[in-house]
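To keep things clear, I will list the structure first and then write my remarks on it.
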Protein chains: 2
Amino acid sequence: METKTILLDAAETLARSRGFDGFSYGDLADCVGIRKASIHYHYPTKGDLSVALISRYRETVLDRLARISECESRASGRLLAFLDLYRAALQGGRSLCLCIAFSVTQSALPDETRQDVKRFHKEVAQWLETVFRLARGDGTIRAVTDPGAEAHGALALVEGAHIVARAATDMARFEAAIDTLRTRAI
Amino acid sequence: METKTILLDAAETLARSRGFDGFSYGDLADCVGIRKASIHYHYPTKGDLSVALISRYRETVLDRLARISECESRASGRLLAFLDLYRAALQGGRSLCLCIAFSVTQSALPDETRQDVKRFHKEVAQWLETVFRLARGDGTIRAVTDPGAEAHGALALVEGAHIVARAATDMARFEAAIDTLRTRAI
DNA sequence: GTCTATACCTAGATAGAC
DNA sequence: GTCTATCTAGGTATAGAC
């Protein structure tokens, strides 16, 4: 595997478990077994690293959402798969959505990174809106009135569920938080 | 006003806008107009500062929730006041709930701080549960079935709404995220 | 209780050999 | 592409004068 990819993998794990300010090139170097100077060859500044991180993360997640749409024809199936995705991302409370790490740090990040976090939220919300719109047609999610509002609510819900479950290091908190949404799926 | 209080105020603002790793004693010193060495007199380590921050934050918020319960007899009024509290805390997207900052950082924090974040979430969820339980009696919030699940969901929702609104620096995102919950209040 | 001075460390980043 | 060596800046924290 390419060093750039290995670096991104390790950096993503570190950023999602400790925050973007919570690890250094030194930590990253220890993780992948090279010297920190070598990392600068691939990602000259930590800002560059943040751009690469969010860019890949965004593509990966949007890809998975697209695949969910292909595999699941019903709105309920799509919603449950979406919840599975965020559940898996939590890794038992050890890891957060990368966007949360970047939303907190924010100030020192390149504008491109901040823009990509925004785009990510916007695109995920749009995907969710299509799910809730579909639900109004196929009736597999209970009590949907405004698909746009539902979408923004569902996105905030899973991000917040990450926060709460992470603070408690307890997946049960995640389950409790999403319960009212999950049980609306038929 | 006491220096300790001035320091806590400034530290809270910094932590909630940049994350707990996003500011130093030097930044804090600049904010309050004393030297960073003087801060160590009041809070010897940054860990001590984190303990003082979360302790005061927890008390303040729980106090406000208690006052809401006194002033608002109806479940809907309490829920809307709760949403007002989190809306105000966002400060137009500039500031997050302190717990989010601590949930991300986590690893380097004293155990007492981590425990207090947990306690905070637990107590807020308990307060919300009483609200939803009341709602089943007075009928001022639509479609409440499981008060416990509603409580955990509402807490995660407002925390996540903070994240999304902060990333976009746009209060409209907060409103969009809480819309389906807010409109259930009668 | 606040200051200056400083110790000690780690951060991000660069230069140049290999 | 990775290394050693080094720079500069900044971090947390302490000692001791005022």
Side-chain angles (χ1 to χ4, degrees), chain A residues 1-56 98 101-102 104-114, chain B residues 1-56 98 101-102 104-114:
Chain A
M1 196 159 55
E2 276 189 9
T3 307
K4 280 193 98 147
T5 311
I6 297 172
L7 283 169
L8 272 193
D9 289 344
E12 186 179 320
T13 302
L14 286 168
R16 290 174 58 184
S17 61
R18 302 191 202 168
F20 192 68
D21 292 335
F23 75 97
S24 69
Y25 269 29
D27 298 323
L28 191 48
D30 291 342
C31 282
V32 306
I34 61 174
R35 297 291 164 171
K36 62 176 183 168
S38 311
I39 301 176
H40 286 281
Y41 171 80
H42 300 281
Y43 302 103
T45 72
K46 215 182 168 189
D48 295 326
L49 178 62
S50 78
V51 171
L53 276 175
I54 190 66
S55 165
R56 188 182 70 158
L98 184 61
F102 283 143
V104 172
T105 302
Q106 215 181 44
S107 46
L109 296 173
D111 204 57
E112 192 178 342
T113 306
R114 292 208 299 266
Chain B
M1 196 160 52
E2 277 189 10
T3 307
K4 281 193 96 149
T5 311
I6 297 172
L7 283 169
L8 272 193
D9 289 343
E12 187 179 319
T13 301
L14 287 168
R16 290 174 58 182
S17 61
R18 303 191 202 168
F20 191 69
D21 292 337
F23 75 97
S24 68
Y25 269 29
D27 298 323
L28 192 49
D30 291 342
C31 281
V32 306
I34 61 173
R35 297 291 164 170
K36 60 179 180 169
S38 311
I39 301 176
H40 286 281
Y41 171 79
H42 300 282
Y43 303 103
T45 72
K46 217 182 166 189
D48 295 326
L49 178 62
S50 78
V51 171
L53 276 175
I54 191 65
S55 165
R56 188 183 69 159
L98 183 62
F102 283 142
V104 173
T105 303
Q106 212 181 46
S107 47
L109 296 173
D111 203 58
E112 192 179 342
T113 305
R114 292 208 301 267

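Below, each value reflects all heavy atoms present in this structure, side chains not excepted, and no hydrogens, waters or symmetry copies. Reminder, nothing fancy here: chain letters follow the sequence lines and each chain counts from 1.
Looking at A:Tyr25, its side chain does come within 3.5 Å of a backbone N or O of A:Thr45 through a donor-acceptor pair. Distance alone, capped at 3.5 Å, places no donor-acceptor pair between the A:Lys36 side chain and the A:Ser24 backbone. At distances below 3.5 Å, not a single donor-acceptor pair connects side-chain atoms of B:Arg18 with backbone N or O atoms of A:Ser107.
Whole-Å rounding puts the A:Asp48 CG to C:dG12 C1' distance at 12 Å. Remark: P of C:dT2 and OH of B:Tyr25 are 14 Å apart, rounded to the nearest angstrom. A straight line from CG of B:Leu49 to C1' of D:dA13 spans 14 Å, rounded to a whole angstrom. For the pair B:Leu28 CG and D:dG10 P, the interatomic distance rounds to 17 Å; values are reported in whole Å. In this structure, CD1 of A:Ile34 is placed 6 Å from P of D:dC3, rounded to the nearest angstrom. One can place NZ of A:Lys36 at 14 Å from P of D:dC7, the figure rounded to the nearest angstrom. Distance CZ (A:Arg35) to C1' (C:dC18): 15 Å, rounded to an integer number of Å.
With sequence neighbours left out, the side-chain hydrogen bond (donor to acceptor under 3.5 Å, both in side chains) criterion links B:Ser50 to B:Thr113.
The minimum heavy-atom distance linking B:Ala101 with B:Gly19 is given by the pair CB-CA, 4.2 Å. Nearest heavy-atom pair across B:Leu28 and B:Leu7 is CD1-O, 3.9 Å.
For the segment residues 37-46 of chain B, residues with any heavy atom less than 4.0 angstrom from an atom of DNA chain D are, sorted by number, B:Ala37, B:His40, B:Pro44, B:Thr45, B:Lys46.
When the side-chain nitrogen and oxygen atoms of B:Ser24 are compared with OP1 and OP2 of D:dG10, none of them lie within a distance under 4.0 Å.
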